[in-house]
Amino acid sequence: MSRSPSLPDRPNREIDPDMPDEQRFEALRAHFEDIVDVHAQLSDQLEAAEQRRQELREQADRVERENDTLKSSSLYVATVEDVFDDKDEVVVKQHGNNQEVLTEVSPRMGDRVEAGDRVAVNDSFGIQSILDAETDARAQAMEIQESPDVGYEDIGGIDEQVREVREAVEQPLIEPEVFETVGIEPPSGVLLYGPPGTGKTMLAKAVANQTDATFIKMAGSELVRKFIGEGSRLVRDLFEMAREREPAIIFIDEIDAIASRRTESKTSGDAEVQRTMMQLLSEMDGFEARGEIRIIAATNRYDMLDRAILRPGRFDRLIEVPEPTHEGRTQILEIHTRGMSIDDDVDFEELADETDGYSGAELESLTTEAGMFAIRSDRTDVRMVDFEEALEKIEDDDGADVISSAGYFYD
Ligand SMILES: Nc1ncnc2c1ncn2[C@@H]1O[C@H](COP(=O)(O)OP(=O)(O)OP(=O)(O)O)[C@@H](O)[C@H]1O
């Protein structure tokens, strides 16, 4: 460090008031020159000091900025797993290495923090802030349910598919030792394919419910449309989230949006979709098939899928979920009217005859619509006539859809 320069000596010339004028004048002039000289030296020193002050200020700013960066970069993301009764201690699990730590929290944080919150923690696991779920793309891109409210008894007409899913997803979760003893690997991933609204999402939710697993859903179409540029990171986050919350069921809806056969065009959008799919494949390849995380995907466009995702160790169990048969439609109508007051004259067999080609979701709408007709007629019981009117309305609306889509083409 440079030492501050010493001050110049004060001019100190003896001027005898009794000197002859000429001599005194000379002495005074010399004294004046001494003073000018000292002034110049002091000015130089002042300027140098000013410059040094400026340098030190810049240095201090730099150190402060580095300090801020150091402080902020030492925060890690963790999930709060447990908050103890007196709210002064919580268990957090750090993302990435899954380390679980019991840590103290300040009274201010203790009152706000809840199990399941994502938080920023410092090196010593002190909670610095609770991450805002709204601004968190992960939270927006994923739907998470601790144990969804759907049971197998809520699903009609696809008993065989329910059996297959239970065998491929549920059994490895609840009886992994059976697979170990027999010496086989359970299917890595299950792909449900078939028309929209036939119960694929319900099936995945029902397995999560049955196994007390967390249900984590991500829609392929949203990754491509809404979270442009973030697809591969979100896929990585999806698996990380599942590891944090295992046992977990990962459900990737509309997987065709990220795993379609490569098209000829080489636009940057395609490259992004491709990266997202590669990330998914690499996550699945590094996956423990007997672990506590199971993966289910769904698609309405099986024909478009890139065969790379169907290789062994990836989605290697394919289950078709078709449109419901006559018997299936009857069952689905019965399920969706369980909580309604249904008049004795309602004939589900006959309604099943009239709803050939309807999906489960459409049958559910039919029951709601029939209920609306009953309310319009000031009744609380729903009769066959309400179903007939609802059917007519749905058919008319469908007709209107065709007309409007035709109109679109001619616009
Ligand atoms: N087999 C079924 N049994 C009972 N209800 C059904 C069935 N299929 C569909 N539904 C009803 O339709 C709704 C939508 O079904 P779901 O989301 O499971 O369909 P999906 O096959 O996943 O459709 P998509 O391909 O459009 O995502 C369900 O909430 C349920 O009310």
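We count ligands from 1, going down the list as the structure has it; atoms in each ligand are counted the same way. As the structure is a computational prediction, the values presented were derived from the model and not from experiment.
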Got a sec, which residues hit side chain to side chain contact (heavy atoms under 4.5 Å, CB included) with Met340, two or more places apart in sequence or on another chain? Thr337, Ile342, Thr367, Val382
Cationic tip of Arg376 within the cone over Phe373's six-membered ring, i.e. under 6.0 Å and within 45° of the normal? yes
Can Arg294 be said to sit on top of Phe315's aromatic six-ring, NZ or CZ under 6.0 Å from centre and within 45° of the ring axis? no
Distance-only check: which donor-acceptor pairs under 3.5 Å involve side-chain atoms of residues 249-259, not counting sequence neighbours?
unit_1: Glu254; atom_1: OE1; unit_2: Ser221; atom_2: OG; d: 3.4
unit_1: Glu254; atom_1: OE2; unit_2: Ser221; atom_2: OG; d: 3.0
unit_1: Asp256; atom_1: OD1; unit_2: Thr299; atom_2: OG1; d: 2.6

Taking salt bridge (charged side-chain N to carboxylate O under 4.0 Å, His left out) as the test, write out the residues that go with Arg338, two or more places apart. Asp154
Amino acids contacting ligand 1, non-hydrogen cut-off under 4.0 Å: Asp154, Ile155, Gly156, Pro196, Gly197, Thr198, Gly199, Lys200, Thr201, Met202, Asp253, Asn300, Ile332, His336, Gly360, Ala361, Glu364
Show the nearest heavy-atom pair for residues Asp316 and Arg311, with the distance to one decimal. CB-O, 4.1 Å
